[in-house]
Peer 1: 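Once you've had a glance at the structure underneath, I'll fire off some questions.
As a basis for the values below, the full set of heavy atoms in this structure was taken, side chains included, without hydrogen atoms, waters or symmetry mates.
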Amino acid sequence: MYQERLQQERRRRFYERYVERMFPLIDEHAQWRGNGPPANFREKLWHCLPLMYAGGEQAARANAIIEAVETRYCHFSPMTAMQLLLGYKDRLTNAAEKKLVAYVRESVPSAAEERIRFPMYNDNFAALATFTLLTAGELLEDAAAFSAGERKLMQLIDCLTRRGTVMEFGSPTYTPITTHILAEIVNHVKDERIRALALQCEARMWAEIAIHYHPPTGQFAGPYSRAYLVDSVGHPHNVHGLLHLAFGDDVRIRPVEALFPERPGQVEHIGVETLMLPNLAWLYSGDVHCPEAIAALLLRKTYPFDAVATAECLPGEESAYPDEAAEHPAWSGPNVVHMTEDYALGTSAGQFYDGAISDSFHAVYRTRAAMRDWTDARAVFCRYFFNDRTPGRDNVYNGKQSGAEMLRDEGRKFAIQRGNAALVAYRPKPYEAKRATSMKLSVLFPVHFRDVDAIWLGDRPARKEGDASELPVPVYVQDGPVYFCFRPLALSDAGRSAAVKIERSGEYAMISFFNYEGPAKTFSPKEAMLLANGFVVHVGSEAEDGSFDAFRARASAGSLSDEMTQQLEGYTRRIRYAHPDATFDFAYSPRSEGVLYAAIDGRPRPEPRFAASGFDAKALPFL
């Protein structure tokens, strides 16, 4: 289902709107004239793609930008330089062409380094290097570069043989980037064997996108390995651009409409003009190749729909606390998603790397049975917060200011899911516990365009802001046709006035489960790591339960045990949740993060490499 002609029309439409808005914003001296932070070298090269496509004075401006811009080390830009050389040779000036070739030549050695490989923290970096090495190897007749690119492609195939997804799984930012890069290998590399392998890898990326795409809301369901704030809240971003390029009006969220102009209150990533539109211009630059069977899985699901894909994750240190953090262990396990027409619930067995901007729990749903536009969908996610950190604004971590887009999770989390129920176990990271005034896990409902309908604390209706319970009672949310129950796990009481609070922070309604609140207090690393938090979540709907009252009755039927045991100076947290919908048994070390067992209904949780309702996974490449 490649639809080259239709993709070309969508590209033309997006590029016309892009050039109309963006052409004046980078002048002939490569100087930034737009709103927001200045565009960098990477964005300026991306900007040249639609200008070259347009031709005429726009292509002349692109040449001037290339000739004037200061080149620098970048993982992305060598690929863009190669795309310009391969796609627009007839429109490049001699000076621009010479500069791009020289930049690619000097970039090849770093792209070939063994540290850039699959899997890695930035699998998209490995994909970018693979494209650059293969295409530069052919264009520059550099056999060593081509061989290095082939080795990296084979590393990706090895990963996709072991697992259902790459390490950088389910990211609304980076999954479409890696998919685009593989598609461009297919489009530009001459070697037929390499092109065929890249096409198979691209199909695997599309399969991952397919199981996460929720057609009724137009959203990309979780869990997410790497999620900037724009991703977590479900506002238009990269994945929606790639989906629109491939499927046009068959998808609900289309950046060609949603960002021209953006809606007041819409979450931006860095800046619409600075980064988002140039990034999308790059993603629209080449045709993609989604097989028909995978397109059907993506667009025409039958409900309920369930999918599982395993992932693996390298060990690594905490990025914001490099001098304090012990290495987080490697892991592998299932990412799970469950969908109905009204909602999608997704969880991950662990967290990506340090877990800072990973959504191991994420849900999307429609707030109206008949959606009018993308703002009638909502996302739900969570973060562990220390002290005065809040969503939607800059925060300081380890003395360094971080933009609102980097809303770090200051907890470590693990999840187990069956259908519309999941257990999400949390404990705080110890790095900010040296001076803690507040330690809490917050479930966040973005309310940029409309509020949630109703919140209940235990067995009573609650105020939407400023309500609290001294006891760790369940919290129920009714929002349009969809219902949530968040039942807290053991909430270690290190001193607090309330265990549960209903809070409001700007455009976010928050359900917060507290470990500590009070005067500044110091917790040792061991003390902090042994503080338990987390929740069981049940999701339902009017279609499934009939009413909010019936849902609360169903969700409240479970029994919970959550205890910390000690043996030979080690600690094991053992959680058992028994409910008519599912029984979860989960035990792990909150310090070393070794998992002792994870069971559903008394049996080890299923971990197929890739499985999806109504789909034969054996037909996928490398499985």
Peer 1: Working to the nearest 0.5 Å, report the span between OG of Ser285 and CG of Leu49.
Peer 2: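 These two atoms lie 5.0 Å from each other.
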
Peer 1: Quick one: NZ on Lys190 to CG on Leu134, what's the gap to the nearest 0.5 Å?
Peer 2: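 Here the rounded value is 13.0 Å.
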
Peer 1: Check each of Trp206, Phe220, Tyr224 against His212 using the ring pair (Phe, Tyr, Trp, His ring centres under 6.0 Å) test, and report the only one that passes.
Peer 2: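 Going through Trp206, Phe220, Tyr224 one by one, the ring pair (Phe, Tyr, Trp, His ring centres under 6.0 Å) with His212 is satisfied by Phe220 alone.
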
Peer 1: So Ser360 and Phe414, do their side chains get closer than 4.5 Å, heavy atoms only?
Peer 2: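 Not touching, per the 4.5 Å side-chain cut-off.
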
Peer 1: Check this for me: does any side-chain nitrogen of one of Glu113 and Lys152 sit under 4.0 Å from a carboxylate oxygen of the other?
Peer 2: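 Here Glu113 does not pair with Lys152 in a salt bridge, since their nearest N and O are not under 4.0 Å apart.
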
Peer 1: List in chain and number order the residues that pass side-chain hydrogen bond (donor to acceptor under 3.5 Å, both in side chains) with Gln155, two or more places apart in sequence or in another chain; answer none if no residue qualifies.
Peer 2: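 With sequence neighbours excluded, Gln155 shows a side-chain hydrogen bond (donor to acceptor under 3.5 Å, both in side chains) to no residue whatsoever.
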
Peer 1: Can you sort out the partners of Phe146 under ring-ring contact (aromatic ring centres under 6.0 Å, His included), two or more places apart, ordered by chain and number?
Peer 2: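 Listed in chain order: nothing, the list is empty.
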
Peer 1: When you measure from the side chain of Arg254 to the backbone of Val251, do you find a donor-acceptor pair of N or O atoms at a distance under 3.5 Å?
Peer 2: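 Yes, the answer is positive, given that a donor and an acceptor are paired below the 3.5 Å cut-off.
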
Peer 1: Nearest 0.5 angstrom please: His75 NE2 to Thr132 OG1, how far?
Peer 2: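 Interatomic distance, His75 NE2 to Thr132 OG1, rounded to 0.5 Å: 11.0 Å.
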
Peer 1: To the nearest 0.5 angstrom, please state how far the CD atom of Gln8 sits from the OH atom of Tyr53.
Peer 2: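 The OH atom of Tyr53 is 7.5 Å from CD of Gln8, to the nearest 0.5 Å.
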
Peer 1: Using the side-chain hydrogen bond (donor to acceptor under 3.5 Å, both in side chains) criterion, which residues pair with Asp585? Sequence neighbours excluded.
Peer 2: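 Per chain and number, Asp585 pairs via side-chain hydrogen bond (donor to acceptor under 3.5 Å, both in side chains) with Arg576.
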
Peer 1: Could you tell me which residues satisfy salt bridge (charged side-chain N to carboxylate O under 4.0 Å, His left out) with Arg12, sequence neighbours excluded, listed by chain and number?
Peer 2: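 Expected list: Glu9, Glu16.
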
Peer 1: A quick test of your reading: do over 12 heavy atoms of other residues, nucleotides or ligands sit less than 6.0 Å from CD of Glu327?
Peer 2: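 Correct, the count exceeds 12.
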
Peer 1: Glu410: which residues meet the salt bridge (charged side-chain N to carboxylate O under 4.0 Å, His left out) condition with it, sequence neighbours left out?
Peer 2: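 Glu410 satisfies salt bridge (charged side-chain N to carboxylate O under 4.0 Å, His left out) with Arg389 only.
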
Peer 1: Please work out whether the ring planes of Tyr431 and Tyr321 are parallel, tilted or perpendicular, with thresholds of 30° and 60°.
Peer 2: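 Ring orientation of Tyr431 relative to Tyr321: parallel.
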
Peer 1: Would the distance check show the side chain of Thr310 and the main-chain N or O of Gly164 forming a donor-acceptor pair, the cut-off being under 3.5 Å?
Peer 2: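 Pair found, side chain donor or acceptor close to backbone of Gly164.
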
Peer 1: Salt-bridge test for Arg195 and Asp191: reply yes if a basic N is under 4.0 Å from a carboxylate O, no otherwise.
Peer 2: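 Not counted as a salt bridge, because no side-chain N and carboxylate O are separated by less than 4.0 Å.
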
Peer 1: So, using ring-ring contact (aromatic ring centres under 6.0 Å, His included) as the criterion, who are the partners of Tyr426 when residues are at least two apart?
Peer 2: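 Counting only residues at least two positions away or on another chain, Tyr426 forms no ring-ring contact (aromatic ring centres under 6.0 Å, His included).
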
Peer 1: List in chain and number order the residues that pass side-chain hydrogen bond (donor to acceptor under 3.5 Å, both in side chains) with His47, two or more places apart in sequence or in another chain; answer none if no residue qualifies.
Peer 2: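 Only Tyr18 meet the side-chain hydrogen bond (donor to acceptor under 3.5 Å, both in side chains) criterion with His47.
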
Peer 1: Is there a donor-acceptor pair under 3.5 Å between the side chain of Glu208 and the backbone N or O of Gly170?
Peer 2: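 Judged by distance alone, yes, a pair lies under 3.5 Å.
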
Peer 1: Rounded to the nearest 0.5 Å, what separates atom CG in Leu283 from atom NE2 in His244?
Peer 2: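 With rounding to 0.5 Å, CG (Leu283) is 13.5 Å from NE2 (His244).
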
Peer 1: My understanding is that only residues two or more places apart in sequence, or in another chain, count here; which of them pass salt bridge (charged side-chain N to carboxylate O under 4.0 Å, His left out) with Glu202?
Peer 2: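 Result, salt bridge (charged side-chain N to carboxylate O under 4.0 Å, His left out) vs Glu202: none returned.
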
Peer 1: Mind checking side-chain hydrogen bond (donor to acceptor under 3.5 Å, both in side chains) for Thr347 and listing every partner two or more places apart, or none if nothing turns up?
Peer 2: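 side-chain hydrogen bond (donor to acceptor under 3.5 Å, both in side chains) check on Thr347 returns Gln417.
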
Peer 1: Charged N to carboxylate O below 4.0 Å: is that the case for Asp359 and Arg383?
Peer 2: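 A salt bridge links Asp359 with Arg383.
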
Peer 1: Say you draw a straight line from NE2 of His237 to CE of Met276; how long is it, rounded to the nearest 0.5 Å?
Peer 2: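 So the gap between those two atoms works out to 5.0 Å.
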
Peer 1: What residues, two or more places apart in sequence or in another chain, satisfy salt bridge (charged side-chain N to carboxylate O under 4.0 Å, His left out) together with Arg11?
Peer 2: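 Expected list: Asp287.
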
Peer 1: Can the positive tip of Lys44 be found less than 6.0 Å from the middle of the six-membered ring of Phe41, inside 45° of the ring normal?
Peer 2: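 Negative - Lys44 is either too far from the ring of Phe41 or too far off its axis.
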
Peer 1: Tell me which pairs pass ring pair (Phe, Tyr, Trp, His ring centres under 6.0 Å) where either residue lies in residues 604-623, with sequence neighbours left out.
Peer 2: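 Listed by first then second residue: nothing to list.
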
Peer 1: Run the side-chain contact (heavy atoms from CB on, under 4.5 Å) test on Leu243 and Leu298 for me, step by step, so that the C-alpha distance in whole Å, both residues' side-chain angles and the decisive distance to 0.1 Å come before the verdict.
Peer 2: CA-CA 10 Å; Leu243 286 165; Leu298 189 149; 3.9 Å; yes

Peer 1: Taking ring-ring contact (aromatic ring centres under 6.0 Å, His included) as the test, write out the residues that go with Phe361, two or more places apart.
Peer 2: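 Result, ring-ring contact (aromatic ring centres under 6.0 Å, His included) vs Phe361: Phe535.
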
